[in-house]
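Step one of this worksheet: look at the structure below.
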Number of protein chains: 2
Amino acid sequence: MINKKSHLPIYYQLEEEIKKLIEEKQLQPGDLIPSEREFSETHEISRMTVRQAINNLTSEGILEKQRGKGTFVAQAKLEQSLQGLTSFSEEMAARGMEPSSRMLSFQRVKATNHVANRLEVEEGTEIYEIKRIRLADSIPMAYETSYMPVTLLPRLTEEVASHSLYGYVENEQKQSIKKATQSIEASSATKEEATILEIEEKSSVLLFHRTGYLENQKPFEVVKSIYRADRYKFFIQLER
Amino acid sequence: MINKKSHLPIYYQLEEEIKKLIEEKQLQPGDLIPSEREFSETHEISRMTVRQAINNLTSEGILEKQRGKGTFVAQAKLEQSLQGLTSFSEEMAARGMEPSSRMLSFQRVKATNHVANRLEVEEGTEIYEIKRIRLADSIPMAYETSYMPVTLLPRLTEEVASHSLYGYVENEQKQSIKKATQSIEASSATKEEATILEIEEKSSVLLFHRTGYLENQKPFEVVKSIYRADRYKFFIQLER
DNA sequence: AAGTGGTCTAGACCACTAT
DNA sequence: TAGTGGTCTAGACCACTTG
């Protein structure tokens, strides 16, 4: 299994091996994994190297150690995957619902002062404006308006936008989407929003404002989302 | 500096020493710290032990390593501290407001099924129930109800609770507060909540449910907070 | 070429858990 | 008592950065 001549560190190869065993269900959550000394002997590597692999997986929350007892496969936590920056589709799928989208409008407009500031472009710059309804199990969940600079994605079409927008951006820009800042507030639905979301006017809604950034720290999208409060809660893990 | 006979691990003593140097400004953000081999020689400890100390501080974001160059004191990031699990007082102070608190009630009650589940205790177990108004610049911002097991803090008094509750918990339990899960939803104020928060009934509010955990993964508090939507927005940094 | 962090070894003793 | 993870040592070679 371990290739000592590989340019990949041994501890890394062992990490991958253990993760594979878990993915293939040969190791299940709660299972006791082989001891450090056992790995050391069977793989003919030093115990300190085994420890480095196991410590890394522990800090990733994949394994859990118990003094005197052994090392166990941690319980898979749904919430853990929801921790970070996920798309609507990913999030709803993780909650066991079928995500879909309905495009309301797709057009090029001139950036208002507000959006221009957030996208770090000049006011009046041409940007895409995309309005969508997000559905889960065919029920309206959120009303989303996105803005993106045309210069970043000159060949974006409505067709592409209705499919995997994030994947398209990452391909076009050869950069991955790594960070976003988001504000969350409570509000009540306007008449337009209520109609679209099929709720009563003035119903409670969660209002999100997100700015997404590429690896080079340049903003690529500004999104405003309105979620139905009766069907949606936001979960977050906090640490310090 | 290092006491090899101490029951405290050497790497831990070294961590404390380095942190102290930073606190005392003998090491400033951006400064190059002594190399691993230098620490190893001056403290007469193994380089692997030095590495353990430095790696821990690196994963805490206190130090930053650069291959071939050395290890540096990281820039202090305000956002970093706000990213995670902060107390109301810390958060408001960071926003430039003066935090304060008004105790509404402090009593021992029996855990309902709902709270017992979250605190992982038996239904009917005795718990503290603490109701407070949280103010910023003397304006009501949030209405907070906390529950904590009595067994965890047998000597908790109203006096203590009105001061630094988190600090008290950390002292009593000899464990730090590391994690919390939180849900965020939109709601509208009940009559009671509206009165307390000095807003109109049915006004939009942000509703938080938080469960806080100690290092040993045991829950120590369950909190329900109602924030005025007109004065409070929640900010979060997302990464993937 | 010298210095740095990254990886790795082959031992050792300790504290803790289980039987 | 045997087995586990926690800590520690005194070396070694590597890849990388800088003078």
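Labels below follow one simple rule: chain letters A, B, ... track the order of the sequence lines, proteins then strands, and each chain is numbered from 1. Predicted, not measured: the structure shown is a model, and the values here were computed from it.
Considering only side-chain atoms of B/R51, the nucleotide from D/dT4, C/dC8, C/dG6 that sits closest is C/dG6.
Counting any heavy atom pair closer than 4.0 Å across all strands shown, A/I45 reaches sugar-phosphate atoms only and no base atom. Looking at heavy-atom distances under 4.0 Å, B/I54 makes no contact with the nucleic acid at all.
In this structure, the CG atom of B/L57 is 14 Å from the P atom of C/dG5, given to the nearest Å. The CD-C1' distance, from B/E36 to D/dA10, rounds to 15 Å in whole Å. Rounded to whole angstrom, the span from the NZ atom of B/K65 across to the P atom of D/dC16 amounts to 16 Å. In this structure, B/I2 atom CD1 and D/dT9 atom C1' are separated by 15 Å, rounded to whole Å. Atom CG in A/N55 sits about 14 Å away from atom C1' in D/dT4, given to the nearest Å. Per the geometry, NZ belonging to A/K4 stands 9 Å off P belonging to C/dC8, to the nearest Å. If you measure from atom CG of A/L32 to atom P of D/dT4, you get 8 Å, rounded to the nearest angstrom. Rounded to an integer number of Å, the gap from A/Q52 CD to C/dG6 P is 10 Å.
Atom-to-atom distance recorded for B/L119:CG and B/F220:CZ is 10.0 Å, nearest 0.5 angstrom.
In this structure, B/T211 contributes its side chain and B/T181 its backbone to no donor-acceptor pair below 3.5 Å. In this structure, A/Q13 contributes its side chain and A/N3 its backbone to a donor-acceptor pair below 3.5 Å.
A salt bridge is defined here as a Lys NZ or Arg NE, NH1 or NH2 lying under 4.0 Å from an Asp or Glu carboxylate O, and B/K20 with B/E16 fails to meet this definition. For the pair A/E41 and A/R37, the salt-bridge criterion is not met [side-chain N within less than 4.0 Å of a carboxylate O].
Between B/T71 and C/dG5, a side-chain N or O to OP1/OP2 separation shorter than 4.0 Å is present. For the pair B/Y11 and D/dT7, the criterion of a side-chain N or O lying under 4.0 Å from OP1 or OP2 is met. Between B/S35 and C/dT4 there is a side-chain polar atom (N or O) within less than 4.0 angstrom of OP1 or OP2.
Ring pair B/F208/B/F234: centre-to-centre distance below 6.0 Å. Note: B/Y147 and B/Y128 fail the aromatic proximity criterion, with ring centroids not under 6.0 Å apart.
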Nucleotide-resolved protein contact map, nucleotides 11-19 of chain C, B/S/- at heavy-atom distance under 4.0 Å: -BB-SBSS-
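The aromatic rings of B/F88 and B/Y227 sit tilted, their planes meeting at an angle between 30° and 60°.
A pairwise comparison of heavy atoms in A/I54 and A/I33 identifies CD1-CD1, 4.2 Å as the closest pair.
Two end axes, each from the C1' atoms of five base pairs, can be drawn for the helix from C/dA1-D/dT18 to C/dA18-D/dT1; they diverge by 10°, to 10 degrees.
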